[in-house]
Structure formats: C-alpha cells, structure tokens
Amino acid sequence: MSNILEDLFLGEICPDERPFDNMQSYEQGMDLINKNTNFLLESLDGIARQKLLQLSNAFAEVLSIVSVGRFTQGAQMGGKLVLAIFRESR
C-alpha cells in the first residue's frame, strides 16, 4: 500500500495539478529562500560555502523524508476514517 502513496506523493500519480492551496505564499517563500541562498553563496568562499551547501542539501533531504512520512500517515488516517464510517453505517 505504501508504494501507491509514495507514487502519489512523488507526483507519479497526480490527483490535482495545483499542489497547494496558497501557491502565492509558497512561491514567495521559495523566492526568498533562493535569493538568500544565492546571496550567501556569492558572499562566501571555501569551507563556509561548502558548509552552506551541505546544510542546504541535508535540510532538503530531511524535509523530503518528513514530507513523505507525513503524507503517508495522513493518507492512512483518511483510510481508517473511511473504514470507521462504513463500519458504523451498517
């Protein structure tokens, strides 16, 4: 069951072309992240630049892992709610 949930999360199954209710806030946040990251990358060199890139990559990996887990848990909870509703409606 988790394979279909991961496929859905990763966009291999796309139930909706618009992934967020508030795309404007998402886009503003991403723009701020990109501007600040680019500023810091241009300002830093050597070890500091390398550490910033490592931090950014590690954060993205952790966020991805957490996002998949939360998405899966939410979908499972939704399934349990549907089952409970069907059981009680008998």
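Remark: Q24 CD is loosely packed, at most 12 non-hydrogen atoms of other residues, nucleotides or ligands lying under 6.0 Å away.
Every residue two or more places apart in sequence or in another chain that forms a side chain to side chain contact (heavy atoms under 4.5 Å, CB included) with E61 is listed here: I65.
The distance from the CD atom of E42 to the OG1 atom of T37 is 11.0 Å, given to the nearest 0.5 Å. Atoms CD1 and CG, on I47 and L52 in that order, are 13.0 Å from each other to the nearest 0.5 Å. Expressed to the nearest 0.5 Å, how far CG of L40 lies from CZ of R49 amounts to 10.5 Å.
If you chain together hydrophobic residues whose side chains sit under 4.5 Å apart, F71 and L10 fall into the same group. Hydrophobic clustering (ILVMFWY, side-chain heavy atoms < 4.5 Å, transitive): M30 and M23 are in one cluster. Linking Ile, Leu, Val, Met, Phe, Trp and Tyr residues whenever their side-chain heavy atoms come within less than 4.5 Å leaves F39 and I33 in two separate clusters.
Remark: the backbone N or O of A60 is not paired with any side-chain donor or acceptor of S64 at under 3.5 angstrom.
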